[in-house]
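To start, the structure under review is shown below, and the notes come after it.
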Amino acid sequence: MLNRFARALFTTLFAPIARFLLKLGISPDAVTIVGTLGVCVGALAFYPRGSFFWGTIFITCFVFSDMIDGNMARQSGRSSVWGAYLDSTLDRVGDAAIFSGLILYYAGKGDNMVMTALALACLVLGSVVSYAKARAEGLGMTANVGIAERADRLVAVLVTTGLVGIPFLHLPTAVLGVVLALLAVASLITVIQRMLTVRQQALAAETGA
């Protein structure tokens with residue numbers, strides 16, 4: 001959903017940054033790699049210690065590299081299959097780091113097995129959502145459907161985690177728990193939606209419809 005409504009806005013906002021980085025001789029691939037490393041460091045260095053607010057701020061400084069690198073590639077005319085592959089693969093790494101950071105905290109210092117299970121469910125189901133689309137495309141079909149795309153999941157977990165981490169707000173852990181539960185359910189629904197979409201295409205191809 002956010003991909004459809006916000007991507008055009010962010011593309012315009014990040015265009016000057018992309019242009020500046022290209023003038024410095026920085027490649028889109030370098031931005032992709034640095035952005036992923038930043039997200040991983042923020043998630044795995046801050047979240048396991050319970051520093052949710054500053055971890056989210058740190059991650060946010062790097063998470064938009066996903067849009068900047070694509071903007072750079074288009075401006076430079078260097079869009080490539082390799083660049084798309086690298087970007088998509090490292091996106092999964094960054095997402096996994098975010099939920100892994102939460103899992104490490106709640107399985108350790110946070111001592112909350114329910115939250116651990118919810119974060120783990122989001123990690124696993126989020127990976128399956130991405131795989132369902134990638135596998136469909138690998139078979140020559142499409143699976144661009146679902147109520148919980150990557151951007152939706154990412155914004156929801158980062159905003160909520162950041163707010164829970166602000167001391168003076170005193171938001172209970174349950175708030176993040178509810179969001180994680182909703183994300184897990186939405187991810188499961190998205191997987192089912194994508195499977196049904198691919199099934200329709202596969203049956204249509206078999207019957208020649």
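Computed from heavy atoms alone, side chains included, the values below leave out hydrogens, waters and symmetry copies. Because the structure is predicted, anything quoted here is derived from the model rather than measured.
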Where do [X] and [Y] come nearest, in terms of heavy atoms and distance?
{"X": "A186", "Y": "I147", "result": "O-CG1, 3.8 Å"}
{"X": "V39", "Y": "I59", "result": "O-CG1, 3.9 Å"}
{"X": "I103", "Y": "A119", "result": "CG1-CB, 3.6 Å"}
{"X": "C40", "Y": "G94", "result": "SG-CA, 4.4 Å"}
{"X": "G42", "Y": "F58", "result": "CA-CD2, 3.4 Å"}
{"X": "M72", "Y": "I26", "result": "CE-O, 3.2 Å"}

How long is the span from the [atom1] atom in [X] to the [atom2] atom in [Y], to the nearest 0.5 Å?
{"X": "Y105", "Y": "T173", "atom1": "OH", "atom2": "OG1", "result": "6.5 Å"}
{"X": "D87", "Y": "D69", "atom1": "CG", "atom2": "CG", "result": "4.5 Å"}
{"X": "L154", "Y": "L183", "atom1": "CG", "atom2": "CG", "result": "10.0 Å"}
{"X": "M113", "Y": "L118", "atom1": "CE", "atom2": "CG", "result": "11.0 Å"}
{"X": "L102", "Y": "L180", "atom1": "CG", "atom2": "CG", "result": "6.5 Å"}
{"X": "L21", "Y": "S76", "atom1": "CG", "atom2": "OG", "result": "11.5 Å"}

Can you get from [X] to [Y] by hopping between Ile, Leu, Val, Met, Phe, Trp and Tyr side chains that sit under 4.5 Å apart?
{"X": "V124", "Y": "V114", "answer": "yes"}
{"X": "Y131", "Y": "L188", "answer": "no"}
{"X": "M115", "Y": "L182", "answer": "no"}
{"X": "L158", "Y": "F62", "answer": "yes"}
{"X": "V164", "Y": "F53", "answer": "yes"}

So do the side chains of [X] and [Y] get within less than 4.5 Å of each other, counting heavy atoms only?
{"X": "F46", "Y": "I57", "value": "no"}
{"X": "V157", "Y": "V179", "value": "no"}
{"X": "L90", "Y": "I33", "value": "yes"}
{"X": "S100", "Y": "L44", "value": "yes"}
{"X": "K133", "Y": "T197", "value": "no"}
{"X": "L176", "Y": "Y106", "value": "yes"}
{"X": "I17", "Y": "F64", "value": "no"}
{"X": "E149", "Y": "D152", "value": "yes"}

| said: When you measure from the side chain of S88 to the backbone of Y85, do you find a donor-acceptor pair of N or O atoms at a distance under 3.5 Å? | reply: no
| said: Walk me through whether V129 and Q193 qualify under side chain to side chain contact (heavy atoms under 4.5 Å, CB included). | reply: CA-CA 10 Å; V129 167; Q193 287 177 304; over 6 Å; no
| Between R194 and T190, is any side-chain donor less than 3.5 angstrom from a side-chain acceptor? | no
| Aromatic plane relationship, Y47 with F52 - under 30° parallel, 30 to 60° tilted, over 60° perpendicular | perpendicular
